[in-house]
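Working notes, beginning with the structure itself.
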Amino acid sequence: MNLVNELSRIQQESDIIARDSWGYKKASVFRVVGRHMINVWRLMKGEMSLTSYTFENIAYHLLRYRTPYYSNETLTTWNKRCVPVLKHRLYRYYADRAKMNLDMLDVADIIKRTSESARIFGIDFYSVLVRGSQFRVESIMFRIAKPENYVLITPSRKQVGEQRAIECLPLTLEPNSQYYNSPVVVLDFQSLYPSIMIAYNYCYSTCLGRVRAPGDDTAFGVCKLDIQKELFETLKDNIIVSPNGVMYVDHSIRKGLLGKMLEDILNTRVMVKRSAKDYVDDKGLLRMLDIRQLTLKLIANVTYGYTSASYSGRMPAVDIADSIVQTGRETMERTIKFINEHPTWGGKVVYGDTDSVFIHFPGKTRSEAFTLGNEISEQITKMNPAPIKLKFEKVYHPCVLLAKKRYVGSKYEFPTTLEPEFEAKGIETVRRDGTAATQKILKTSLKMLFKTQDMSQIKDYLYRQWTKILSNRVCLQDFIIAKGVRLGTYTEQSLPPGAQVAYKRMEQDPRAEPQYGHRVPYVVIYRDGPNAKLNEQVVHPEELLSDNSLRLNAEYYILKQIIPPLSRVFNLIGVDIKGWYDEMPRSQKAMALSFSHYFGNEARKINRIDQYYTSSHCIICRDITSQPICPSCLKQTSKSIFTLISRQKEAQKKWNNISLICNSCSQLPPVLSNSIESGDTEHPCNSLDCKVFYERNRTKNDVYALSIYDTLIDQWPVLDT
DNA sequence: CAGCATTCCTAT
DNA sequence: TGAGATAGGAATGCTG
């Protein structure tokens with residue numbers, strides 16, 4: 001069946017599915033004539049920030065709906081077996097997913113939002129989804145330009161390419177890296193670049209070229225600009241000169257097109273936001289107004305980008321772009337100088353990036369900081385031409401500035417705020433290229449630091465976590481790393497781990513090929529000795545779960561994933577996290593590590609009970625031990641047997657409960673779920689995004705290990721009672 | 001081991 | 001038949 005033709009609005013002779021590299025990276029892989037193809041996955045990737053963009057995970061986070069995942073292998077089996085009930089299950093699986101795709105578009109409000117954006121930009125529906133921000137800016141700009149009889153130039157690709165490089169950079173201060181116990185006030189210039197374009201009349205339609213001597217080069221942006229001397233004579237009292245030496249006429253001569261457009265956009269946004277307050281009861285309308293104001297904000301923010309689109313721009317102008325950035329930079333510099341030199345405020349600027357300033361007030365209270373922050377905001381706003389406005393954002397108390405674009409603190413937004421909010425920028429708690437374990441441990445440690453400053457409490461916490469990891473008493477889900485993979489862009493030698501895993505899976509199943517940009521999960525295991533490359537120590541989580549000879553590389557996770565981010569923070573206050581780890585009681589570490597004598601390539605197969613042993617904790621009391629049952633439990637034989645039996649019952653009961661959950665999620669009739677001996681097939685779902693899946697695996701191992709207690713009893717020492 | 005390139009993801 | 005920008009940190013592996 002040629003599905004593409006079937007879906008198409010016209011019948012084509014060719015049965016070739018049109019593929020192209022752009023579609024592969026940006027859209028929906030294949031094209032259907034007369035239809036808008038929406039790649040729901042790619043769309044959702046831009047909509048929400050997740051560590052995994054599998055269908056099941058998007059369904060869970062967007063629709064709040066748990067849905068099963070069946071491997072291609074399982075589905076193929078169902079199809080081949082010619083059992084009606086299995087075929088039915090197969091078709092229903094796909095039908096459910098097809099429907100859920102529509103539900104996703106519905107819940108995320110994609111159609112409504114796209115339509116609304118199309119209306120505001122004045123472009124068609126599909127262009128909102130597939131075309132870039134230049135198209136939007138131009139669409140709006142054209143509508144203002146036309147009535148004023150402006151003609152937009154159309155430089156050739158060559159002209160755009162030959163444009164000189166950008167010279168001006170935004171100001172990013174190197175922060176004074178430390179722990180700040182006194183309040184730090186954060187202020188932001190509101191829409192700085194749009195405000196500058198409006199305030200200083202920077203525009204294509206107002207520029208008079210660079211300040212130059214007669215005979216100097218007249219190059220301007222992608223072309224030349226040579227204003228006659230006589231004209232300057234006429235305009236000489238109405239010229240604004242930007243910090244990078246470009247002249248613009250002031251508002252009294254001509255109001256710049258960009259400024260007008262941005263003023264319109266920002267004013268409309270204010271209006272929309274205000275009118276939203278009148279419709280608090282109408283949820284639907286409110287939502288639409290919100291979409292509208294966000295769209296307006298977006299377009300204001302990318303207008304600067306339009307002027308500086310040096311790579312792909314249709315009408316860029318470096319000189320204008322430089323004017324905007326350099327003015328922003330000088331505005332920042334003036335602000336910082338003014339604050340630092342103010343006689344009474346007593347604040348010091350400790351960090352700032354592009355349009356924000358962080359002011360530390362040593363020894364001041366939080367409420368004083370609020371008052372001063374508002375005063376500074378007022379003063380600085382007054383010093384700058386409208387509509388440039390320095391806005392009070394928040395107070396961090398306390399906070400840690402780590403590096404440029406990396407900081408974290410307890411955030412207070414209002415003087416009345418009682419419970420501060422944990423806010424982190426750029427550090428591992430907000431990055432998605434590490435593990436959930438790192439995020440959780442770092443976040444918890446930081447919260448403890450902010451709340452109590454009690455190092456011994458943090459040390460206890462970290463010891464507990466490290467011990468858990470070393471003894472393998474952790475949920476695998478927290479140790480999965482998933483980074484974006486772009487197959488086809490890598491050189492042969494040394495693939496990134498994600499790509500490595502993807503290629504390996506494709507050998508088994510060509511349809512395991514990840515879509516361009518998909519996040520491929522992997523875990524790091526012990527393999528090939530301590531000097532192995534990371535590349536050679538990674539496997540897909542499923543492989544670790546199904547192969548009992550593999551073991552999570554606890555040392556890698558602790559030493560490479562968890563300790564470095566912690567150290568970066570705690571080194572600033574003189575705490576040596578790595579030292580803590582090194583001095584952790586030997587018995588605990590050595591015990592766990594003795595199992596990590598790498599299994600090597602010819603991985604010896606060990607059965608489940610051995611695997612359970614390697615998890616290195618006593619199956620009775622769950623303390624760390626190198627034996628299946630620790631010496632102290634061995635001594636108390638009768639008590640231990642009793643515990644064992646009750647634990648066995650416990651585990652079986654847990655297994656039954658989990659089975660119920662999985663069956664209802666998979667909508668399998670209960671009769672199909674047999675007891676544990678029937679093998680792995682009784683729960684066909686293995687969704688790596690589902691917490692229950694991991695619990696099920698763990699419980700299965702528990703049930704199995706505990707079920708052979710009688711063989712252990714055979715080896716039991718002579719009864720002590 | 002330093003220095004550099006590649007890769008990923010985030011801040012603005 | 002498509003393409004807003006740069007700065008920046010960190011991990012990893014290669015090269016000299």
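Throughout, protein chains are lettered first and strands after them, A, B, ... in sequence-line order, and every chain is numbered starting at 1.
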Proximity to the side chain of [X] - top-ranked nucleotide from [options]:
| X | options | value |
| --- | --- | --- |
| A/Ala309 | B/dA11, C/dG4, C/dG8 | C/dG4 |
| A/Tyr304 | C/dG4, C/dA7, C/dG9 | C/dG4 |
| A/Val430 | B/dA11, B/dC9, B/dT12 | B/dA11 |
| A/Val302 | C/dG8, C/dG4, C/dG9 | C/dG4 |
| A/Lys560 | C/dT12, C/dA11, C/dG2 | C/dT12 |
| A/Thr354 | C/dG8, C/dG4, B/dT12 | B/dT12 |
| A/Lys425 | B/dA11, B/dT7, C/dG8 | B/dA11 |
| A/Arg131 | C/dG9, B/dC8, C/dG2 | C/dG2 |
| A/Tyr490 | C/dG8, C/dA11, B/dC8 | B/dC8 |

Answer with base, sugar-phosphate or nothing: what part of the nucleic acid does [X] contact at a heavy-atom distance below 4.0 Å?
| X | value |
| --- | --- |
| A/Ser133 | base |
| A/Tyr407 | sugar-phosphate |
| A/Arg136 | nothing |
| A/Phe189 | nothing |
| A/Pro316 | nothing |
| A/Asn301 | nothing |
| A/Leu169 | sugar-phosphate |

Protein-nucleotide distance ([X], atom [atom1]; [N], atom [atom2]), rounded to Å:
| X | N | atom1 | atom2 | result |
| --- | --- | --- | --- | --- |
| A/Arg164 | C/dA5 | CZ | C1' | 15 Å |
| A/Gln134 | C/dG2 | CD | C1' | 11 Å |
| A/Arg157 | C/dT1 | CZ | P | 15 Å |
| A/Ile166 | C/dG4 | CD1 | C1' | 10 Å |
| A/Asp433 | B/dT6 | CG | C1' | 14 Å |
| A/Leu495 | B/dT7 | CG | P | 10 Å |
| A/Leu173 | C/dG8 | CG | P | 11 Å |
| A/Leu442 | C/dA10 | CG | P | 12 Å |

Residues [X] and [Y]: side-chain donor-acceptor under 3.5 angstrom:
| X | Y | result |
| --- | --- | --- |
| A/Arg334 | A/Asn384 | yes |
| A/Glu421 | A/Tyr412 | no |
| A/Thr114 | A/Ser117 | no |
| A/Ser52 | A/Asp689 | yes |
| A/Asn39 | A/Gln515 | yes |

Does [X] make a side-chain N or O approach to OP1 or OP2 of [N] shorter than 4.0 Å?
| X | N | result |
| --- | --- | --- |
| A/Arg568 | C/dA11 | yes |
| A/Arg406 | B/dT10 | no |
| A/Lys404 | B/dT10 | no |

Both A/Pro564 and A/Ser308 contact DNA chain C. Which one's nearest nucleotide lies toward the 5' end?
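Counting from the 5' end, the first nearest nucleotide belongs to A/Ser308.
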Salt bridge A/Lys337-A/Glu333, side-chain N to carboxylate O under 4.0 Å:
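No, this pair does not count.
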Answer with yes or no whether A/Arg431 presents, from its side chain, a donor or acceptor under 3.5 Å of a partner atom in the base of B/dC9.
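Yes, the side chain and the base share a sub-3.5 Å donor-acceptor pair.
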Write down the atom of A/Leu559, the atom of A/Tyr581, and the distance for their closest heavy-atom approach.
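Heavy atoms of A/Leu559 and A/Tyr581 come nearest at CD2-CE2, 3.8 Å.
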